[in-house]
Amino acid sequence: MNILLIGSGGRENALAWKMAQSERLTKLYIAPGNAGTCLCGENVALNPNDHPAVINFIVEKNIDLVVVGPEDPLCKGLHDAISNDSRTASVPVVGPKAEGAQLEGSKEFAKAFMVRHNIPTAGYKSITLTNIAEGEAFLETLKAPYVLKADGLAAGKGVLILDNLEEAKSELKEMLSGKFGAASNTVVIEEYMSGIELSVFVLTDGESYCILPEAKDYKRIGEHDTGLNTGGMGAVSPVPFANEDFMKKVEERIVKPTVDGLKKDGIEYKGFIFLGLMNCDGDPRVIEYNVRMGDPETEVVMPRIESDLVELLYAAGRGELAGKKIEISKQTCCTVMMVAGGYPGDYRKGDIMTGFDKVEGSILFHAGTKVDGNGNVVTNGGRVIAVSSLGKDKNEALAKSYANVDYIQFADCYFRRDIGKDLDKYLK
Ligand code: AMP
Ligand code: GLY
């Protein structure tokens with residue numbers, strides 16, 4: 001089978017690594033990929049938002065399956081374009097059409113969906129400049145902290161959590177006046193949920209689903225969860241507080257009603273659903289939906305999947321997931337993300353990376369890397385490389401990752417040394 005994988009991050013390297021293990025794979029193309037994905041297949045310089053170019057590529061290379069990694073091309077209708085062209089209409093695509101991608105692309109859409117289908121989430125009100133007074137009145141009914149979310153995609157920066165009511169009211173005005181551009185023309189005000197977060201991943205064909213391993217990621221740049229938000233500095237799977245009882249609640253109260261809700265609403269959905277959840281005293285509630293896998297969560301989820309990923313993805317894309325079982329390793333997988341100094345602010349690109357040959361017992365998933373004109377692997381993004389390891393428990397897995405992190409060298413590199421430490425209290 002020939003597969004086209006769209007994306008260029010650590011998530012796509014992890015997906016490509018797992019796909020490359022499948023006997024069903026003939027040729028894997030990654031567009032545009034990075035210095036790690038080219039070890040699993042062939043990188044191709046295709047712009048995912050240039051739909052005619054993607055369609056021509058699918059035809060030319062006899063692609064049998066398209067897997068879309070990031071949300072942006074999905075929200076911009078890549079799946080719709082492939083399905084609407086008579087030459088590629090029958091090619092299965094993993095990743096929803098633009099309508100389904102609104103689960104991530106519009107917070108208002110996602111909240112209304114959850115309310116309509118009785119899926120546990122924070123209470124909310126959706127506000128525009130025309131009903132700002134209603135927004136202020138709603139804030140007055142809430143207790144601090146106050147949660148304000150730009151409705152649209154805002155590169156992970158559109159959520160504000162504020163301790164002070166007056167500040168919340170003034171930020172509401174600023175957001176509606178264009179603080180995050182058109183993304184905040186509508187603002188969702190939410191009740192604050194306290195608890196501990198985790199991510200649960202589902203692969204669905206719109207009828208049936210498989211639940212993938214859950215994971216916890218570490219979003220802040222600084223140790224002990226301090227400083228600015230990043231794309232993710234590390235991850236651990238499994239999550240010790242996500243026990244059987246909790247995961248049963250997730251399936252019954254969230255996964256099933258989500259898949260059934262899409263169907264009831266007439267939204268065709270083939271792809272991943274990423275549930276950002278809060279464990280509120282043992283009860284799961286949805287913080288957000290994403291329409292893709294998480295990054296760096298994929299870098300700990302893929303190594304734990306024992307089943308053939310290509311078979312599962314092909315079945316999901318073709319609507320044939322019913323009866324498929326996913327085998328998951330009991331081992332723990334941890335990843336440590338190495339980032340460029342300065343990230344998530346300004347950082348340099350183009351620094352030479354060395355030490356790959358010394359790494360033993362870990363899997364390297366490249367994120368922001370590329371091969372330069374001289375054949376060197378160089379940094380090419382804020383998050384540079386994820387060092388993932390499997391172990392019999394969290395500590396064994398982390399010890400392997402941290403030992404190998406020390407071999408990988410590039411100027412100004414930074415990583416967190418406390419990934420997974422907060423989970424010790426759940427591991428007796
Ligand atoms: P989101 O982009 O919706 O995932 O929000 C970003 C982050 O803000 C989440 O990962 C949570 O840490 C936090 N957050 C969002 N919504 C809430 C909420 N209603 N209550 C508490 N924390 C929240
Ligand atoms: N790690 C969080 C995300 O992928 O959105």
Side-chain angles (χ1 to χ4, degrees), residues 7 9-12 14-15 69-72 74-75 103-111 113-114 119-126 138-139 142-163 168 175 180 183-184 187-201 212 214-221 225-226 228-237 239 272-281 283-302 335 337 339 344 365 367 382-383 386 416 419 422:
R11 167 183 50 218
E12 285 74 28
L15 288 167
E71 69 282 7
D72 180 66
L74 295 168
C75 292
L103 276 186
E104 176 165 359
S106 165
K107 301 271 187 203
E108 183 185 29
F109 177 91
K111 295 300 281 191
F113 176 88
M114 286 186 263
I119 295 166
T121 187
Y124 82 106
K125 228 180 206 5
S126 186
F138 184 58
L139 282 169
L142 301 174
K143 282 196 223 98
Y146 303 94
V147 183
L148 303 180
K149 299 185 175 183
D151 172 57
L153 293 178
K157 298 196 171 86
V159 176
L160 299 181
I161 298 185
L162 305 157
D163 287 326
M175 286 174 84
F180 299 106
S184 64
V187 172
V188 168
I189 304 176
E190 275 187 26
E191 167 203 350
Y192 182 83
M193 300 186 281
S194 49
I196 176 156
E197 285 181 48
L198 78 158
S199 310
V200 171
F201 302 96
L212 278 52
E214 78 287 351
K216 181 163 197 326
D217 84 338
Y218 293 81
K219 291 199 173 84
R220 303 294 196 88
I221 188 73
D225 293 325
T226 53
L228 293 175
N229 257 329
T230 71
M233 297 296 292
V236 176
S237 176
V239 178
F272 293 107
I273 305 176
F274 165 163
L275 306 166
L277 302 180
M278 191 72 89
N279 176 349
C280 304
D281 284 329
D283 288 319
R285 298 172 81 188
V286 178
I287 302 170
E288 64 164 351
Y289 285 113
N290 294 307
V291 298
R292 54 176 171 84
M293 288 295 292
D295 194 350
E297 291 97 324
T298 310
E299 291 93 304
V300 294
V301 168
M302 289 302 137
T335 200
M337 186 64 80
V339 307
F365 294 127
R383 292 194 295 170
R416 272 179 63 168
I419 300 304
D422 61 326

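Atoms within each ligand, like the ligands themselves, are counted from 1 in listed order.
- Among all non-hydrogen protein atoms, the one lying nearest atom 19 (N) of ligand 1 is Glu190 OE1, 2.8 Å.
- At a 4.0 Å cut-off, at least one heavy atom of Ile161 sits close enough to ligand 1 to count as contact.
- With respect to atom 4 (O) of ligand 1, the closest heavy atom belonging to the protein is Glu288 CD, 2.8 Å.
- At a heavy-atom cutoff of 4.0 Å, ligand 1 is contacted by the backbone of Glu191 but not by its side chain.
- Side-chain contact between Lys216 and Asp422: present, with at least one pair of heavy atoms (C-beta onward) separated by less than 4.5 Å.
- In this structure, the side chain of Glu104 engages the main chain of Val291 through a donor-acceptor pair within 3.5 Å.
- For ligand 1, the polar-atom distance check against Met193 finds a nitrogen or oxygen pair separated by under 3.5 Å.
- The shortest side-chain heavy-atom distance between Asp283 and Pro120 does not fall under the 4.5 Å cut-off.
- No donor-acceptor distance shorter than 3.5 angstrom exists from the side chain of Glu288 to the backbone of Gly276, with no hydrogens or angles considered.
- The shortest heavy-atom contact between Ile419 and Met233 is CD1-O, 3.6 Å.
- Per-residue contacts place Lys219 under 4.0 angstrom from the following atoms of ligand 1 (heavy atoms of the residue considered): 10 (O).
- In terms of modelled atom types and a separation under 3.5 Å, the side chain of Thr230 and the main chain of Arg220 share no donor-acceptor contact.
- Against a heavy-atom cut-off of under 4.0 Å, Lys149 is close to the following atoms of ligand 1: 3 (O), 15 (C), 16 (N).
- Within ligand 2, counting atoms from 1 as listed, the ones closer than 4.0 Å to a heavy atom of Gly294 are 4 (O).
- On a distance-only criterion, Glu297 and ligand 2 share at least one N/O pair closer than 3.5 Å.
- Taking only nitrogen or oxygen atoms, main chain and side chain alike, Tyr192 does not reach within less than 3.5 Å of ligand 1.
- Ion pairing of Lys107 with Glu190 is absent here, as no side-chain N (NZ or NE/NH1/NH2) approaches a carboxylate O to less than 4.0 Å.
- Given atom 2 (C) of ligand 2, the protein heavy atom at minimum distance is Asp217 OD2, 3.4 Å.
- By the criterion of a heavy-atom distance under 4.0 Å, neither the backbone nor the side chain of Met337 is placed next to ligand 2.
- No donor-acceptor pair closer than 3.5 Å links the side chain of Ser126 to the backbone N or O of Val188.
- Using a 4.5 Å heavy-atom threshold, the side chains of Ile287 and Leu277 count as separate.
- Residue Ser199 places every heavy atom at 4.0 Å or more from ligand 2.
- Protein heavy atom nearest atom 11 (C) of ligand 1, with residue, atom name and distance: Glu197 OE2, 3.0 Å.
- Ranked by closest heavy atom to atom 6 (C) of ligand 1, the top entry among Asn290, Val159, Thr121 is Val159.
- Scanning all protein heavy atoms for the shortest distance to atom 5 (O) of ligand 2 gives Arg292 NH2, 2.9 Å.
- For ligand 2, the polar-atom distance check against Lys219 finds no nitrogen or oxygen pair separated by under 3.5 Å.
- Of the candidates Arg285, Glu104, Lys107, Lys107 brings a heavy atom nearest to atom 2 (O) of ligand 1.
- Proximity of atom 13 (C) of ligand 1 to the protein is indicated by at least one non-hydrogen atom lying closer than 4.0 angstrom.
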Show your reasoning for whether side-chain contact (heavy atoms from CB on, under 4.5 Å) applies to Ile189 and Leu142.
CA-CA 10 Å; Ile189 304 176; Leu142 301 174; 3.9 Å; yes

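- Remark: side-chain polar atoms of Arg383 are not paired, donor with acceptor, to backbone N or O of Gly10 under 3.5 angstrom.
- Each of Glu297, Met302, Met293 was checked for a side-chain contact (heavy atoms from CB on, under 4.5 Å) with Arg11, and the lone residue meeting it is Met293.
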